Structure formats: C-alpha cells, structure tokens
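This report concerns only the one structure given below.
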Amino acid sequence: QVQLVESGGGLVQAGGSLRLSCAASGGTFSRTAMGWFRQAPGKEREFVAAITSIENTSYADSVKGRFTISRDNAKNTVYLQMNSLKLEDTAVYYCSANPTRFSLGRNPMYYNYWGQGTQVTVSS
C-alpha cells in the first residue's frame, strides 16, 4: 500500500554533511508518522529520528544536535539532514512509515512500511 524509496547516501569525510531523502507513495502522506533507523555491520537496527504528521520530532541521543528530520507534505518526502558526521555514523539508513499512527515512534515495531535502505559511509 505504501512504498518508500531512500536516496542521498554515499561516501563523505568525517565532519562533512549529507542529506537523505525518502519519497513516499500509495498513502496519505500528510497523516503518516515517519522515522529513520540505521544498522551498522554486526549491530542491531537502531532508532535515529522520528517526525509526526504535525511535525513534532524526536532524536536519538547519539545524533541530537547534529541531525535534523523534516518533511515536505507537498512532495510526499521526508528528509534527514546529517551534519558533523562521525565514523560511527557509518550504516545503512532506512526510512519507515505508519499511516495509522499519530505519535512519535522510537521502536521499529511501531512502523509497518520500510524502504530498502541507503548506505552512508564516513571516512577519516
């Protein structure tokens, strides 16, 4: 029903910036709760940031002050602006959605639609 496609990943030096995009289709985007998660090799998938339909936001402590989540309902797109990138930010980043929920979700079980992921690699 809902399809998500991430883009914007790539290779960047430590201290640099990237902006990830997640384009959504097949649902009412303006009423959909959205989230970003990441998974590094050998580690569990972890929460990064979330945003509600009324643009309340939540961030993991590890990215607070460096990353910003936002949404553009006219473009059916959610963004993750990543600044001051560190080596430990290297991971596959996943976009997620739940069109029936209206609060901030930090648990991956909260979301029922997922994108395929985009690789972010931070080098020294």
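It should be emphasised that the depicted structure is a prediction, and the values quoted were computed from it without experimental measurement. Side-chain atoms are counted along with the backbone in the values below, which use heavy atoms only and exclude waters and symmetry mates.
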Classify the ring geometry of Phe67 against Tyr93: parallel below 30°, tilted from 30° to 60°, perpendicular beyond 60°. tilted
Is any side-chain heavy atom of Leu20 less than 4.5 Å from a side-chain heavy atom of Trp36? yes
Does Phe37 reach the side chain of Pro108, with side-chain heavy atoms less than 4.5 Å apart? yes
Side chains of residues 117-124: which donor-acceptor pairs under 3.5 Å do they make with residues two or more places apart or in other chains?
from, atom 1, to, atom 2, distance (Å)
Thr118, OG1, Gly9, N, 3.3
Gln119, NE2, Ala91, O, 3.4
Gln119, NE2, Thr121, OG1, 3.3

Which residues pass the salt bridge (Lys or Arg N to Asp or Glu O under 4.0 Å) test with Arg38, sequence neighbours left out? Glu46, Asp89
Do Pro99 and Tyr113 have side-chain heavy atoms sitting under 4.5 Å apart? yes
Would you compute the distance between atom CZ of Arg101 and atom CG of Asn112 and round it to the nearest 0.5 angstrom? 9.0 Å
In the structure I gave you, are the side-chain heavy atoms of Val78 and Ile69 within less than 4.5 Å of one another anywhere? yes
If you draw a 6.0 Å radius around CD in Gln116, do more than 12 non-hydrogen atoms from other residues or ligands fall strictly inside? no
Look only at the side chain of Arg71 and the backbone of Thr52, and say whether a donor-acceptor pair between them is shorter than 3.5 Å. yes
Just jot down the side-chain contact (heavy atoms from CB on, under 4.5 Å) partners of Ala60, sequence neighbours excluded, or say none. Phe47, Ser62, Val63
Between OG1 on residue Thr57 and CG on residue Leu104, distance to nearest 0.5 Å: 7.0 Å
Is it the case that more than 12 heavy atoms not belonging to Glu44 sit under 6.0 Å from its CD atom? no
Less than 4.5 Å apart, side chain to side chain, heavy atoms only: is that true for Leu4 and Tyr94? no
Should Ser58 and Arg106 be marked as a side chain to side chain donor-acceptor pair (under 3.5 Å) after you check the CA-CA gap, both sets of side-chain angles, and the distance that decides it? CA-CA 8 Å; Ser58 180; Arg106 299 172 66 96; 2.5 Å; yes
Could you tell me whether the side chain of Asn56 reaches within less than 4.5 Å of the side chain of Ser103, counting heavy atoms only? no
Going by the side chain to side chain donor-acceptor pair (under 3.5 Å) test, which pairs reach into residues 13-30, not counting sequence neighbours? Ser17-Asn83
Compare all side-chain heavy atoms of Tyr79 with those of Asp72 and state whether any distance is below 4.5 angstrom. yes
Treating Arg45 as the side-chain partner and Gln39 as the backbone partner, does any N or O pair qualify as donor plus acceptor under 3.5 Å? no
So side chain to side chain donor-acceptor pair (under 3.5 Å) across residues 2-12, not counting sequence neighbours, yields none
Does Ser53 reach the side chain of Phe29, with side-chain heavy atoms less than 4.5 Å apart? no
Salt bridge (Lys or Arg N to Asp or Glu O under 4.0 Å) with Lys64: which residues, sequence neighbours excluded? Asp61
